[in-house]
Amino acid sequence: MLEKSQIVFGGQILVTVLGLFNTGSSFYLILGHLRYYLVPRFQKRIVRILILIPIYSFFSSLSYALVTYGHHLTRIRDIYETFVVYNFFMLFCEYLAPHNEGRRSILSLKGPAMNPPPFCFWNFDPSNPFFLERCLLGVLQYPFLKSIGTIVAIALEIGLGWSMQPFMSLLNFATVSLAMFSMISFYIPIHHEIYRFGPVGQFLSVKFVVFFQLWLGIMLGPVSDSLAQQLKVDPHLFKVYSEAVIISLEMTVASILHLRFFSFKGYIPKQPYKNLSVFGTLQQIGSWRDFVEAVQLARKFEYFVQNDREYEPLLPR
């Protein structure tokens with residue numbers, strides 16, 4: 001029978017090897033998009049989505065090195081996932097039209113559509129002037145509430161020794177479900193207009209990561225505790241180690257999907273071109289200005305609705 005130290009060492013080797021592969025394949029795509037950065041309104045969002053895999057791979061390896069703080073590192077890591085969901089929603093908006101006026105003009109021609117499950121017995125109206133803002137609110141609550149919940153949970157666990165895992169599982173389930181419901185509701189009426197961009201494969205590759213993380217957080221605890229008792233090892237350490245391995249395997253699948261659905265080859269020009277400088281490109285991708293503007297617009301919309309005042313529909317460019 002293998003010793004515990006051999007199992008831990010083998011897991012660390014597996015996490016490191018998979019992490020290098022996943023990070024390498026992601027940087028291959030990222031550098032390709034940076035080299036042929038010709039459609040910034042698409043590629044800015046795509047690169048932000050692709051960065052998810054190197055971040056997850058890094059934190060999986062870090063969890064092995066700092067196993068005592070593994071669950072805290074996991075929660076901090078998951079905050080970036082919420083930012084990815086927001087960027088994917090905005091990528092759909094960019095696919096639909098480059099400007100707010102065009103997006104609203106297209107939606108104004110749409111008839112009633114059926115809600116995604118489990119509310120498919122009710123219809124919604126995409127031509128409603130507030131439809132975009134409501135979808136945006138549904139997506140933005142995810143990074144906002146998840147970030148606040150993570151900070152509070154870590155503070156209470158470190159400061160008071162409380163176990164916040166049940167609270168975080170419930171919060172994660174509620175917020176990610178609402179965000180994905182809002183995104184699917186937005187996609188349903190516009191799928192014909194954006195079909196040529198291949199959004200289904202992109203959506204599935206992102207949804208795979210989001211929902212895998214959701215159910216992993218719910219199911220791993222009871223399963224790992226049971227296995228830890230059978231193997232007579234510390235339940236906390238076993239959960240951190242096993243989660244790091246599972247996440248690395250998940251990221252391998254996601255990186256393969258990204259190679260297929262987020263390729264930069266469609267952006268390679270047929271004629272000579274002048275690209276932005278590398279610094280200018282990274283500055284544009286790393287700027288949080290559009291996210292801050294989206295939050296401000298959502299707050300403005302909420303204020304006008306609550307006070308029953310006239311509101312001019314708008315989305316961040």
Side-chain angles (χ1 to χ4, degrees), residues 41-52 78-98 100 102-104 106-107 110 112-120 122-147 171-215 217 254 257-258 261-262 290-291 293-295 297-298 301-302 313-317:
R41 63 192 184 92
F42 294 167
Q43 292 173 282
K44 176 175 69 174
R45 310 290 180 184
I46 290 173
V47 170
R48 288 175 176 177
I49 293 170
L50 295 174
I51 293 173
L52 176 72
D78 289 348
I79 292 176
Y80 189 79
E81 175 193 294
T82 67
F83 187 57
V84 166
V85 172
Y86 156 75
N87 275 282
F88 196 65
F89 173 80
M90 292 307 302
L91 182 62
F92 276 8
C93 292
E94 298 290 357
Y95 283 161
L96 182 61
N100 302 320
R103 298 166 190 164
R104 198 159 303 285
I106 294 172
L107 287 169
K110 300 294 181 179
M114 185 180 296
N115 272 303
F119 303 106
C120 49
W122 293 276
N123 292 340
F124 65 94
D125 184 11
S127 64
N128 186 299
F130 299 140
F131 175 69
L132 276 175
E133 281 74 11
R134 285 169 180 163
C135 291
L136 177 64
L137 276 173
V139 172
L140 279 177
Q141 57 77 33
Y142 183 36
F144 182 74
L145 294 178
K146 182 69 176 290
S147 300
L171 176 67
N172 195 35
F173 180 81
T175 53
V176 74
S177 296
L178 178 56
M180 300 309 291
F181 179 85
S182 301
M183 190 178 297
I184 295 172
S185 297
F186 180 64
Y187 170 75
I188 288 174
I190 66 170
H191 67 279
H192 288 300
E193 284 78 7
I194 68 174
Y195 178 78
R196 66 186 186 277
F197 297 106
V200 176
Q202 295 176 346
F203 178 74
L204 291 177
S205 66
V206 172
K207 186 177 180 180
F208 163 75
V209 173
V210 173
F211 274 95
F212 190 92
Q213 286 298 114
L214 172 65
W215 288 107
L257 292 174
H258 285 182
F261 297 115
F262 289 105
D290 60 295
F291 181 74
E293 289 177 351
V295 173
L297 289 171
F301 170 69
E302 184 181 13
L314 187 65
L315 264 182
R317 293 184 180 273

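Taking CD1 of I46 as the reference point, atom CZ of F261 lies at 13.0 Å (rounded to 0.5 Å). Between the OG1 atom of T82 and the CG atom of L145 there is a distance of 10.0 Å, given to the nearest 0.5 Å.
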*Output, in order, the C-alpha distance, side-chain angles, deciding distance and verdict of side chain to side chain contact (heavy atoms under 4.5 Å, CB included) for L257 and F262.*
CA-CA 8 Å; L257 292 174; F262 289 105; over 6 Å; no
*Evaluate the ring-ring contact (aromatic ring centres under 6.0 Å, His included) criterion for residues Y86 and Y142: first the C-alpha distance (whole Å), next the side-chain angles of each, then the deciding distance (0.1 Å), finally the verdict.*
CA-CA 8 Å; Y86 156 75; Y142 183 36; over 10 Å; no
*With side chain to side chain contact (heavy atoms under 4.5 Å, CB included) as the test, would you mind laying out the steps for E133 and L137 before giving the verdict?*
CA-CA 6 Å; E133 281 74 11; L137 276 173; 5.6 Å; no
*Take F291 and L140 through the side chain to side chain contact (heavy atoms under 4.5 Å, CB included) test and state the conclusion after the steps.*
CA-CA 9 Å; F291 181 74; L140 279 177; 3.7 Å; yes
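Between the side chain of R48 and the backbone N or O of V84, no donor-acceptor pair lies under 3.5 Å. Side-chain atoms of R103 come within 3.5 Å of backbone atoms of A97 as a donor-acceptor pair (strictly under, hydrogens ignored). Distance alone, capped at 3.5 Å, places no donor-acceptor pair between the S177 side chain and the A174 backbone.
For the side-chain contact (heavy atoms from CB on, under 4.5 Å) test, residues two or more places apart in sequence or in another chain that qualify with F119 are N115, W122, F181. For the ring-ring contact (aromatic ring centres under 6.0 Å, His included) test, residues two or more places apart in sequence or in another chain that qualify with Y80 are F83. In terms of the ring-ring contact (aromatic ring centres under 6.0 Å, His included) criterion, residue partners of F88 (sequence neighbours excluded) are, by chain and number, F92. Taking S147 as the reference, nothing meets the side chain to side chain donor-acceptor pair (under 3.5 Å) condition, with sequence neighbours excluded. For F203, the ring-ring contact (aromatic ring centres under 6.0 Å, His included) criterion is met by no residue, not counting sequence neighbours. The side chain to side chain donor-acceptor pair (under 3.5 Å) search around Q141 returns none, not counting sequence neighbours. Shown here are the ring-ring contact (aromatic ring centres under 6.0 Å, His included) partners of F131, two or more places apart in sequence or in another chain: F124. Every residue two or more places apart in sequence or in another chain that forms a side chain to side chain donor-acceptor pair (under 3.5 Å) with D125 is listed here: S127.
Residue A179 comes nearest to V139 through the heavy atom pair O-CG2, 3.9 Å, listed as atom of the first residue, atom of the second, then distance. The heavy-atom pair separating I184 from P116 by the smallest distance is CG2-CG, 3.6 Å. Annotation for L52 and E81: closest pair CD1-CA, 4.1 Å, computed over non-hydrogen atoms. In terms of heavy-atom proximity, R45 sits nearest to E94 at NH2-OE2, 4.2 Å. In terms of heavy-atom proximity, I188 sits nearest to M114 at CD1-O, 3.6 Å. Scanning both residues, N172 and T175, for their nearest heavy atoms gives O-OG1, 3.4 Å.
Listed by first and then second residue, the salt bridge (Lys or Arg N to Asp or Glu O under 4.0 Å) pairs involving residues 135-146 amount to none (not counting sequence neighbours). Residue pairs meeting the side-chain hydrogen bond (donor to acceptor under 3.5 Å, both in side chains) criterion with at least one partner in residues 178-195, sequence neighbours excluded, are K110-E193.
Inter-residue side-chain proximity for C135 and M183 is flagged as unmet; no heavy-atom pair is nearer than 4.5 Å. A heavy-atom distance below 4.5 Å is not found between the side chains of Y95 and I190. Looking only at side-chain heavy atoms (C-beta outward), Q202 and L91 come within less than 4.5 Å of each other.
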